[in-house]
**Student:** 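Handing you a structure now.
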Amino acid sequence: MALILFIDIGAESTRPNFTPIDAETEIARLEKIIPAIKNFGVPISIDTYKPEVAEFALSIGADIINDIRGEMFDVAKKFDAPIIAMHNRKFTGDVLSDIKNFISRTARNDLQIIFDVGIGFNKTQEDNLKILKNLREFKNVPMLLGVSRKSVIGYATGFDVNNRDEATGAICVLAIAQGVNIVRVHNVAMVAKMCKMADVLIGR
């Protein structure tokens with residue numbers, strides 16, 4: 001499988017306990033950067049949970065919606081754009097079962113949906129580890145994994161946030177072996193090399 005890179009752009013942090021900003025501020029931060037990056041011919045995903053921001057970004061060159069709330073299907077349909085829909089819900093019971101239910105409820109034939117299991121969003125660290133060990137459970141749908149430098153790595157290994165790139169790469173390789181299609185990372189050069197070799201060995 002050919003290695004395809006795209007850039008995920010967000011003008012508002014969505015990490016735990018983030019401070020929200022309004023749509024106007026978010027749009028002002030995006031209106032120059034998206035066209036500038038588009039000039040390089042690289043596909044762009046817009047990381048936002050606000051429909052008006054997603055519409056604006058798509059109208060000036062973004063290609064994919066990355067929606068941490070998994071709700072902007074009308075916008076995706078309007079622009080005929082793929083959408084990354086994240087499992088980001090409070091739930092009771094088994095995390096794997098709840099993700100499967102989310103996928104079943106969300107799947108639509110008229111949209112290109114990529115599912116994100118939502119590591120670190122409304123989950124305990126034990127939930128996160130269980131998901132990472134069982135990604136093969138979701139291999140029948142297009143899937144993105146965003147785990148780069150996240151706190152679950154620190155929880156499992158003790159590594160601080162500035163020393164998690166190698167652990168991130170290890171997770172990405174194992175994720176590919178379990179059927180994950182897309183990985184979202186910070187250290188692109190290093191992890192891309194690891195994923196390319198993983199693809200060769202797996203034969204995808």
**Student:** Taking only residues two or more places apart in sequence or in another chain, which ones pass salt bridge (Lys or Arg N to Asp or Glu O under 4.0 Å) with Asp110?
**Tutor:**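 Asp110 satisfies salt bridge (Lys or Arg N to Asp or Glu O under 4.0 Å) with Lys77, Arg108 only.
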**Student:** Identify, with sequence neighbours excluded, every residue that meets side chain to side chain donor-acceptor pair (under 3.5 Å) alongside Glu137.
**Tutor:**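 For Glu137 the side chain to side chain donor-acceptor pair (under 3.5 Å) partners, ignoring immediate neighbours, are Lys100.
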**Student:** Residues two or more places apart in sequence or in another chain: which of them pass salt bridge (Lys or Arg N to Asp or Glu O under 4.0 Å) with Asp67?
**Tutor:**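 Salt bridge (Lys or Arg N to Asp or Glu O under 4.0 Å) list for Asp67, sorted by chain: empty.
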**Student:** Distance-only check: which donor-acceptor pairs under 3.5 Å involve side-chain atoms of residues 166-175, not counting sequence neighbours?
**Tutor:**
residue, atom, partner, partner atom, Å
Thr168, OG1, Arg149, N, 3.1
Thr168, OG1, Arg164, O, 2.8

**Student:** Using the ring pair (Phe, Tyr, Trp, His ring centres under 6.0 Å) rule, collect all pairs that involve residues 135-188, keeping only residues at least two apart or in two chains.
**Tutor:**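 As it turns out, there is no ring pair (Phe, Tyr, Trp, His ring centres under 6.0 Å) pair with a partner in residues 135-188 once direct neighbours are skipped.
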**Student:** Mind checking side chain to side chain donor-acceptor pair (under 3.5 Å) for Lys139 and listing every partner two or more places apart, or none if nothing turns up?
**Tutor:**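 Partners of Lys139 by the side chain to side chain donor-acceptor pair (under 3.5 Å) criterion come out as none, since no residue qualifies.
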**Student:** Per the side chain to side chain donor-acceptor pair (under 3.5 Å) rule, what does the pair list look like for residues 27-40, sequence neighbours excluded?
**Tutor:**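 For residues 27-40, and leaving out neighbouring residues, the side chain to side chain donor-acceptor pair (under 3.5 Å) pairs sorted by first residue read Lys38-Asp63.
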**Student:** Salt bridge (charged side-chain N to carboxylate O under 4.0 Å, His left out): which pairs involve residues 167-187, sequence neighbours left out?
**Tutor:**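 Sorted pair list: Asp8-Arg184, Asp47-Arg184.
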**Student:** For Asp94, check salt bridge (Lys or Arg N to Asp or Glu O under 4.0 Å) against everything at least two apart and list the hits.
**Tutor:**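 In terms of salt bridge (Lys or Arg N to Asp or Glu O under 4.0 Å), with neighbours along the sequence ignored, Asp94 is linked to Lys130.
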**Student:** Any luck finding a side-chain donor-acceptor pair between Gln125 and Ser151 under 3.5 Å?
**Tutor:**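 Yes - a donor-acceptor pair under 3.5 Å links their side chains.
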**Student:** List the residues meeting salt bridge (Lys or Arg N to Asp or Glu O under 4.0 Å) with Lys78, not counting sequence neighbours, and say none if there are none.
**Tutor:**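 If we apply the salt bridge (Lys or Arg N to Asp or Glu O under 4.0 Å) test to Lys78, skipping adjacent residues, the hits are Glu55.
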**Student:** Step by step, work out the side chain to side chain contact (heavy atoms under 4.5 Å, CB included) result for Ile64 and Ile46.
**Tutor:** CA-CA 6 Å; Ile64 305 167; Ile46 175 63; over 6 Å; no
**Student:** Apply side chain to side chain donor-acceptor pair (under 3.5 Å) to Asn134 and list each qualifying residue two or more places apart in sequence or on a separate chain.
**Tutor:**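 Partners of Asn134 by the side chain to side chain donor-acceptor pair (under 3.5 Å) criterion come out as none, since no residue qualifies.
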**Student:** So, Glu71 and Tyr49: side-chain donor and acceptor under 3.5 Å apart, yes or no?
**Tutor:**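 Distance-only check fails for Glu71 and Tyr49.
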**Student:** The criterion is side chain to side chain donor-acceptor pair (under 3.5 Å); which residues satisfy it with Lys150, sequence neighbours excluded?
**Tutor:**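 For Lys150 there are no side chain to side chain donor-acceptor pair (under 3.5 Å) partners, ignoring immediate neighbours.
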